[in-house]
There are 2 protein chains.
Amino acid sequence: MAVSTAGAGTAADENVDTGGMCPSRLVMEHVTSRWAVLILIRLLERPHRFGELRRSIRSIGQISEKMLARTLQTLERDGFVHRDAKPVVPPHVDYSLTELGHEAAEQIRMLALWSHDRMHQVQKSREMYDAAKGRP
Amino acid sequence: MAVSTAGAGTAADENVDTGGMCPSRLVMEHVTSRWAVLILIRLLERPHRFGELRRSIRSIGQISEKMLARTLQTLERDGFVHRDAKPVVPPHVDYSLTELGHEAAEQIRMLALWSHDRMHQVQKSREMYDAAKGRP
DNA sequence: CAGTATCCGACACGATACTG
DNA sequence: CAGTATCGTGTCGGATACTG
């Protein structure tokens, strides 16, 4: 496999430079990104509206509307999320997982469960590391 | 529920300043980070020296020594990677997976394989999305 | 060889304000 | 309600030079 992003910057995914870089890297980064993880897991349970996602995620992390919108667009563009905008007023938009997105979300969910199971162990490790390094 | 992040009312974090985010999020983010993914997958195969990792990863992505060192330190601190520095000159340092790191790496590897399998499908989706949106 | 230190640009991200 | 536009800040990340 190959991977790489040209230039600096973390997620300059929007610029499509396939030169020397494996596309699978971008797929990975999109589904494992900070907010995509939380969105996918929520959509695994049921479809959500924009505001539902915003409130649900805000309860644990301060996602901004900008980032929620951007992440949803990325996921939609990649084919992980289906956007269903009903032509009514006020607007009503439902986000749901595609089959592809469901596959991704399942894996992300397993990783999230694992992270949750191991987090105390990791925290212990960090404390020991910091203690050994001496941080007064 | 409470999958990706610790329980809902997890705001009680008087320890370190996690920015109000759940600890399991940090675990996730460390193992799914840009360079950690590549490092973990390589260490799954066998232990590597610093320079080996640098060269191996540079061949596909331009990781700098700074980021390689920083990522390795993070992984070591979290207890995913074991650092074995032999007291010789010139220095000889081996990095290997801990048992915990092995668990993480296996999952990351599965995700990477899945990403590789689906990347063409994702690319197709992106093309269709861009075409529909009209990207000049 | 295995890092560390410094400079600096690029982007992620949150907060806020605004639109359809 | 569902976004977009704009701004300021923090962090990521590469390049380069230096140390043990």
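Within every chain, numbering begins at 1; the chains are lettered A, B, ... in the order of the sequence lines, protein sequences first and strands thereafter.
Applying the side chain to side chain contact (heavy atoms under 4.5 Å, CB included) test to A/Arg55 and every residue at least two apart in sequence or in another chain returns A/Glu52. Residues forming a side chain to side chain contact (heavy atoms under 4.5 Å, CB included) with A/Ser96 (at least two apart in sequence, or on another chain): A/Pro47, A/His82. Residues satisfying the side chain to side chain donor-acceptor pair (under 3.5 Å) criterion with B/Ser64, sequence neighbours excluded, are absent altogether. Here B/Asp84 pairs with nothing under the salt bridge (Lys or Arg N to Asp or Glu O under 4.0 Å) rule; sequence neighbours left out. Qualifying side chain to side chain contact (heavy atoms under 4.5 Å, CB included) partners for A/Glu103, counting only residues two or more places apart in sequence or in other chains: A/Leu100, B/Trp114, B/Arg118.
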Report, one line per pair, each donor and acceptor closer than 3.5 Å where one atom sits in a side chain of residues 68-75 of chain B; sequence neighbours left out.
unit_1  : atom_1 : unit_2  : atom_2 : d
B/Thr71 : OG1    : B/Met67 : O      : 2.6
B/Thr74 : OG1    : B/Arg70 : O      : 3.0

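In this structure, A/Arg49 and A/Pro91 approach most closely via the heavy-atom pair NH2-O, 3.4 Å. The two residues B/Met119 and A/Ser24 come nearest to each other via the heavy atoms SD-N, 3.6 Å. Across every non-hydrogen atom of A/Arg83 and A/Tyr95, the tightest pair is NE-OH, 3.4 Å.
For the segment residues 72-97 of chain B, residues with any heavy atom less than 4.0 angstrom from an atom of DNA chain D are, sorted by number, B/Pro91.
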Bracket notation of DNA chain D in which parentheses pair within the strand, [ ] cross earlier pairs, and | pairs with another strand (Watson-Crick or G-U, under 3.5 Å):
||||||||||||||||||||

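Pairs engaging residues 58-68 of chain A under the salt bridge (charged side-chain N to carboxylate O under 4.0 Å, His left out) rule: A/Arg54-A/Glu65 [sequence neighbours left out]. A salt bridge (charged side-chain N to carboxylate O under 4.0 Å, His left out) check over residues 86-96 of chain B, counting only residues at least two apart or in different chains, returns the pairs B/Lys86-B/Asp94.
Under 4.0 angstrom from either OP1 or OP2 of D/dC1 there lies no side-chain N or O belonging to A/Arg49. At D/dC12, one or more side-chain N or O atoms of B/Arg70 fall inside 4.0 Å of OP1 or OP2 (strictly under the cut-off).
At whole-Å resolution of the value, CD1 in B/Ile57 and C1' in D/dG14 are 15 Å apart. As rounded to whole Å, 11 Å separates atom P of C/dC1 from atom CD of B/Glu52. Between the CD1 atom of B/Ile39 and the P atom of D/dG13 there is a distance of 11 Å, rounded to whole Å. Atom pair B/Arg54:CZ and D/dG13:C1' shows a separation of 17 Å (rounding to whole Å applied). One atom, CZ of A/Phe50, and another, C1' of C/dT19, lie 14 Å apart when rounded to the nearest Å. Put simply, NE2 on B/His48 is 15 Å from P on C/dC1, counting in whole angstrom units.
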Between the protein and nucleotides 14-18 of chain C, which nitrogen or oxygen pairs are less than 3.5 angstrom apart?
unit_1 : atom_1 : unit_2  : atom_2 : d
C/dG14 : OP1    : A/Gln62 : O      : 2.5
C/dG14 : OP2    : A/Ser64 : N      : 3.3
C/dG14 : OP2    : A/Ser64 : OG     : 3.4
C/dG14 : O5'    : A/Gln62 : O      : 3.4
C/dG14 : O6     : A/Lys66 : NZ     : 2.2

